[in-house]
Amino acid sequence: MKYHTFENFTALTEALSQQWLDVIQTTPDGSSFALAGGSTPAPVYQRLDQLLSNIDAHNPIKLVATDERWVPDQDTQSNEGLFRRCLSGSAADKRWQLVSLKNASSTPEVATEAINVRLNEQLPQAFSAVLLGMGADGHIASLFPGAPTQHDDLACLAAVHPQTRQSRMSLSLPRLLNTKRIWLVITGAEKRQVLEQAIENNLPVASLLREAGCTIDVFWCP
């Protein structure tokens with residue numbers, strides 16, 4: 001791991017969004033990114049949206065959620081809906097394409113094989129970067145403590161939140177690891193301690209730390 005420490009989330013947002021833009025601009029053949037949902041990274045997405053609107057380059061960009069709740073895009077809990085709202089300006093300019101983790105199936109379990117085919121067809125190469133958050137229990141994407149991190153050799157798997165029992169689709173750990181860069185965004189002393197003790201506590205994020213084939217850049221602020 002390599003820590004990048006910032007005084008506040010505004011400074012973190014600016015640094016990460018600029019690094020993200022650099023990757024886009026230096027990948028003329030196209031870049032792809034797996035993105036965490038939730039409120040924490042939303043300012044990063046909004047800042048990237050501003051930066052994209054100020055450049056002339058139209059290098060192809062593909063986005064996919066690291067995980068998605070099995071709800072409509074209009075639902076406030078939808079990560080894909082979050083991306084569309086936060087990146088609305090660049091979406092209007094067709095600067096990026098979203099590869100959805102959902103379809104019309106009734107449950108993620110029913111949809112898994114079809115979504116796997118979609119991922120393999122539309123995102124066959126390693127990600128340019130994966131942007132992850134981490135829960136206080138050490139989960140990443142929707143890979144929770146005590147639950148599977150992959151299903152057969154598929155790029156995705158159905159998951160259930162251990163407390164709310166909400167159904168989700170998640171990228172598998174091997175698919176998350178198939179990337180050139182990993183950006184892990186956490187805030188606060190509690191999560192930093194969880195991360196630093198993850199290996200000895202055998203948390204899901206520990207598998208990421210052990211198996212990553214690239215440096216994990218941790219963007220942290222108090």
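Since this is a predicted model, take the numbers as computed values, not measurements.
Side chain of Arg192 to main chain of Trp220: no donor-acceptor pair is present (N/O by atom type, distance under 3.5 Å, no hydrogens or angles). Using a distance-only test at 3.5 Å, with no hydrogens or angles considered, a donor-acceptor pair links the side chain of Asn8 to the main chain of Thr10.
In this structure the side chain of Gln150 never reaches within 4.5 angstrom of the side chain of Arg175, judged on heavy atoms. Proximity of Ile61 to Ile24: side-chain heavy atoms (C-beta onward) are separated by under 4.5 Å at one or more points. By the 4.5 Å heavy-atom criterion applied to side chains, Ile115 and Leu154 are not counted as neighbours. Within the 4.5 Å cutoff, side-chain heavy atoms of Glu80 are placed close to those of Ser100. For the pair Leu195/Leu184, a side-chain contact is recorded, criterion being any heavy-atom separation below 4.5 Å from C-beta on. In this structure, Leu51 and Gln25 have side chains that are not in contact, with every pair of non-hydrogen atoms separated by 4.5 Å or more.
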(request) List the steps, then state whether side-chain contact (heavy atoms from CB on, under 4.5 Å) holds for Leu21 with Ile55. (result) CA-CA 10 Å; Leu21 183 66; Ile55 63 172; 3.7 Å; yes

| request: Verify side-chain contact (heavy atoms from CB on, under 4.5 Å) between Leu48 and Leu87, making sure each step is shown before the conclusion. | output: CA-CA 8 Å; Leu48 179 70; Leu87 292 155; 4.3 Å; yes

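The side-chain hydrogen bond (donor to acceptor under 3.5 Å, both in side chains) pairs that include a residue from residues 207-218 are His4-Asp217, Ser207-Arg210, where partners are two or more places apart or lie in different chains.
Ring to ring, Trp20 and Phe33 are close: their centroids are under 6.0 angstrom apart.
More than 12 heavy atoms of other residues, nucleotides or ligands lie within 6.0 Å of CD in Gln122, so this atom counts as buried by the packing criterion. Atom NZ of Lys180 sits in a sparse spot, with 12 or fewer heavy atoms from other residues, nucleotides or ligands closer than 6.0 Å. Glu7 CD: 12 or fewer foreign heavy atoms inside a 6.0 Å radius.
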Side-chain donor-acceptor pairs of residues 69-76 under 3.5 Å, sequence neighbours excluded:
from: Arg69; atom 1: NE; to: Gln166; atom 2: OE1; distance (Å): 3.3
from: Arg69; atom 1: NH1; to: Gln77; atom 2: O; distance (Å): 3.0
from: Arg69; atom 1: NH1; to: Asn79; atom 2: OD1; distance (Å): 3.2
from: Trp70; atom 1: NE1; to: Ser105; atom 2: O; distance (Å): 3.1
from: Trp70; atom 1: NE1; to: Ser106; atom 2: O; distance (Å): 3.4
from: Asp73; atom 1: OD1; to: Lys102; atom 2: NZ; distance (Å): 2.6
from: Asp73; atom 1: OD2; to: Arg84; atom 2: NH1; distance (Å): 2.4
from: Asp75; atom 1: OD1; to: Gln77; atom 2: N; distance (Å): 2.8

In a table with atom names and distances, give each donor-acceptor pair under 3.5 Å that connects a side chain of residues 124-147 to protein atoms at least two apart or in another chain.
from: Ser128; atom 1: OG; to: Ser32; atom 2: N; distance (Å): 3.1
from: Asp137; atom 1: OD1; to: His139; atom 2: N; distance (Å): 3.1
from: Asp137; atom 1: OD1; to: His139; atom 2: ND1; distance (Å): 2.6
from: Ser142; atom 1: OG; to: Asp67; atom 2: OD2; distance (Å): 2.6
from: Ser142; atom 1: OG; to: Arg168; atom 2: NH1; distance (Å): 3.3

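Using cut-offs of 30° and 60° on the angle between ring planes, the pair Phe219 and Phe6 is parallel.
Each of Leu176, Leu101, Leu35 was compared with Thr66 under the side chain to side chain contact (heavy atoms under 4.5 Å, CB included) criterion, and only Leu176 meets it. Each of Val64, Asn120, Thr112 was scored for a side chain to side chain contact (heavy atoms under 4.5 Å, CB included) with Cys156, with one residue passing: Thr112.
Tyr45 and Ile182 sit in two unconnected hydrophobic clusters of ILVMFWY residues. Membership requires side-chain heavy atoms under 4.5 Å apart, directly or through other members. Tracing side-chain contacts under 4.5 Å through hydrophobic residues (I, L, V, M, F, W, Y), one reaches Val23 starting from Leu12; they form part of the same cluster. One hydrophobic cluster holds both Met1 and Val205 under the rule that ILVMFWY side chains link at heavy-atom gaps under 4.5 Å. Linking ILVMFWY side-chain heavy atoms closer than 4.5 Å, directly or via other members, places Val110 and Met169 in two distinct hydrophobic clusters. Trp183 and Ile216 fall into different hydrophobic clusters, defined by Ile, Leu, Val, Met, Phe, Trp and Tyr side-chain heavy atoms under 4.5 Å apart, directly or through other members.
Inspection of the Gln50 and Gln46 side chains reveals no N or O donor paired with an N or O acceptor under 3.5 Å.
Within the model, atoms CG of Leu123 and CG of Leu63 stand 9.5 Å from one another, a figure rounded to the nearest 0.5 Å. From Leu208, atom CG reaches atom CG of Leu203 across 12.0 Å, with rounding to the nearest 0.5 Å. Here the CZ atom belonging to Arg85 is positioned 13.0 Å from the CG atom belonging to Asp49, to the nearest 0.5 angstrom. How far CD1 of Ile199 is from CG of Leu209: 5.0 Å, rounded to the nearest 0.5 Å. Taken to the nearest 0.5 Å, the CD atom of Glu68 stands 11.0 Å off from the OG atom of Ser170. Here the CG-CZ distance, from Asn116 to Arg118, works out to 11.0 Å after rounding to the nearest 0.5 Å.
Between Leu171 and Ala34, the shortest heavy-atom contact is CD1-CB, 3.9 Å. Across all non-hydrogen atoms, the minimal contact from Pro43 to Ser39 is CD-O, 3.7 Å.
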